[in-house]
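Throughout, protein chains are lettered first and strands after them, A, B, ... in sequence-line order, and every chain is numbered starting at 1.
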Protein chains: 2
Amino acid sequence: MPARIEDVAAHAGVSTKTVSRVLNGHPSVRAKLRVRIEASIRALNYVPNPAARGLAGNRSYLVALLYDNPAVGSSYIMELIVGVLQACKGTPYNAVLHPFEATDDLAAQIDNFVATHRPDALVLVPPHANNIKLLQRLDELDMRYATISSKLREPRIDIGFDERKAAADIVEHLISLGHRRIAHIAGLKGHGARTWRLNGYRDALRKAGIPYDESLVLEGDFTFAAGAAGARTLLSRRRPPTAIFTANDDMACGVMREAYERGLAIPDDLSVCGFDDTPVSQLISPGVTTVHQPCREIGRLAVESVLQSIRDPALRLQARVPYEMQLRASTAAPGKP
Amino acid sequence: MPARIEDVAAHAGVSTKTVSRVLNGHPSVRAKLRVRIEASIRALNYVPNPAARGLAGNRSYLVALLYDNPAVGSSYIMELIVGVLQACKGTPYNAVLHPFEATDDLAAQIDNFVATHRPDALVLVPPHANNIKLLQRLDELDMRYATISSKLREPRIDIGFDERKAAADIVEHLISLGHRRIAHIAGLKGHGARTWRLNGYRDALRKAGIPYDESLVLEGDFTFAAGAAGARTLLSRRRPPTAIFTANDDMACGVMREAYERGLAIPDDLSVCGFDDTPVSQLISPGVTTVHQPCREIGRLAVESVLQSIRDPALRLQARVPYEMQLRASTAAPGKP
DNA sequence: GTGAAAGCGCTAACAA
DNA sequence: TTGTTAGCGCTTTCAC
């Protein structure tokens, strides 16, 4: 049988309440006592029982990651999870995953999840991070939550990176290589990732004095198929683009598939850029020029801050973590027209 | 404040214990009573408090997935997780993820994890599923666990698929296309995935009467780099192979990179097969012929059976779930020599 | 700054 | 088959 708080208290010659104060980092314990108690904890190999703590303190020590079905960007979620787990490490908190679709009975789904598992905090990934009804419901339930890359005006706690700037960087890279007819396959409406990346694309064109050509911008839904379909359209034009920038890596792969089918060489006949730096962008040949989205860092920060907000409900934070361009072999100067 | 078991008992006019029996599926409750109590539960919107249940019943309602660092095959883990979550859905159980490396202080790491989070059951992924010291420690701690694709003799509860047969199938496919010089880049020693897939390769050669040529079998560590390095070696030979079968998809991508660097066309100049059917095998061009490893099904079954083993500690199960060949464009008849 | 006692909401053991 | 009682191990009042 493992040691209980009572054993520690007896060992240190104090009350259980004082031990509890030490465990919970309560300041009103004299340093000397604290040290003695900590020694007893180690000596007895004491680890608090989460269920008992949870019951008495009305907590679950669970942080839930809410995401939509993993069909889209499972490696994105996986990277996020790595960061989430890092943040939980060494804390009594556990991360739990909760994939769900935003249907009509969303409030009911959330109520049910919260009632069943009673997470202490939530981390919301797009598109849920943009779902006003969902966030309202969470506010009503007085749940602590952090959003990731939310496009809402004033997110309470939100972690992301400057996607607009990153998209502009990548398009500037294409321009610097000599491209002028640069197409963009944008993301799905409703995602911040669509608007920011599209705006970044336009920013870079404007800065270079290249007129915006609506016909070079297509809509995608972040899937391989959408990338392939977009490329099919673009490459069938009388004057096809010399470069295609897609709003994520999977769509870039789709573009490369279409180029492959047509016998076009990348980057000689067509330059391709993705976004996110998911593993596939390194595995495919040639490697895809893309922006490394700092998912782990984002996941870590989201959990760290949402846990902090449990203690400090007034906490507000809108963090933008640094990103990095990944120049690979899928981009080069345009060939002769 | 949510309803408590006491409220349900009062509403149904029974004792709390009887409600508890209904909640826990105890058989000794008359059907009529059970129905009445279930009605009260719904009427009051009652959901049991996991912490209270856990404390009283000495359970945590946590199933932990133990895997090594996600550098290798994160999409494999992600797929597994989808199955694990499916199995938890509708139960009071939550899945928690625990990546860790098998270092010397492995027993200490496990003890610490178990002491801190007190999972009710564990699911072990290779290489941990093959780690005898680890399993022994878990037995000492009297933990319930299931392994996935363990190569040990008599795993208590193990879920996997017939990797040897699957590897043979894929090599037979190459042979049926007309290949005779088929190389294999095997996996890392210690993984069952290495031995089974290598044996399958040999089975297929034997069946076709093709002599086994040691020089065509290289060692890899399941990484892209290992695949590229292996291909470099193989393709530098005086008589290079006409097809390369790698023990996983990432290595197949590495092979394709090397082919790309050398200007070899796939499948015209070289056929390539992977294993696992991770997402990349569809995203890359041409798509990679591979075996679909039924990860979700495996994850689901592992959790279902390990949860069952909590009630029935004597449970033994060695399940082999069906797999599927995925024939894609990376394989074709060999070109002229 | 520290301690004593009273639960948190459930289940296990024992009774009936 | 059902009910009663006594905790599970911790934190939270509220004293001191």
Using side-chain heavy atoms (C-beta onward) and a distance below 4.5 Å, is A:Phe100 in contact with A:His128? yes
When rounded to whole Å, the CD1 to P distance for the pair B:Ile5 and D:dG3 reads 12 Å
Looking only at heavy atoms, the pair that brings B:Met143 and B:Pro119 closest together is CE-O, 3.2 Å
Of the candidates D:dC8, D:dG9, D:dG3, the side chain of B:Thr18 sits closest to D:dG3
Report task. With the side chain counted from C-beta on, respond yes when A:Leu135 and A:Leu124 share a heavy-atom pair under 4.5 Å apart, and no when they do not. Result -> yes
d(A:Leu122 CG, A:Leu66 CG) to nearest 0.5 Å is 5.5 Å
Side-chain N or O of A:Asn49 closer than 4.0 Å to phosphate OP1/OP2 of D:dC8:
no
To the nearest angstrom, the CG-C1' distance between B:Asn58 and D:dC10 comes to 14 Å
Here the distance between atom C1' of D:dG7 and atom CZ of A:Arg4, to the nearest Å, is 11 Å
* To do: Would you indicate, yes or no, if D:dG3 has its OP1 or OP2 atom less than 4.0 angstrom from a side-chain nitrogen or oxygen of B:Ser15?
  => yes
Per atom distances to the A:Arg59 side chain, the nearest of D:dT1, D:dT12, D:dG3 is D:dT12
When rounded to whole Å, the CG to C1' distance for the pair B:Leu33 and D:dT1 reads 9 Å
Of B:Arg21 and A:Tyr46, the one whose closest nucleotide on DNA chain D sits nearer the 5' end is B:Arg21
Here the distance between atom P of D:dG9 and atom CG of A:Leu55, to the nearest Å, is 12 Å
Taking every heavy atom of A:Arg118 against every heavy atom of B:Pro2, the minimum-distance pair comes out as NH1-CG, 4.1 Å
Report task. State, yes or no, whether a side-chain contact exists between A:Pro126 and A:Tyr76 at a heavy-atom distance under 4.5 Å. Result -> yes
query = Going by an N to O cut-off under 4.0 Å, is there a salt bridge joining B:Arg320 and B:Asp158?
reply = yes
A:Ala52 has its side chain closest, among D:dC10, D:dC8, D:dT2, to D:dC10
When rounded to whole Å, the CD to C1' distance for the pair A:Glu6 and D:dC8 reads 12 Å
Chain A vs DNA chain C, heavy-atom contacts under 4.0 Å, first-to-last nucleotide span, 5' to 3', is C:dG1 to C:dG9
Rounded to whole Å, the NZ-C1' distance (B:Lys17 to D:dT2) equals 11 Å
Whole-Å distance, A:Ile41 CD1 to D:dC10 P, equals 10 Å
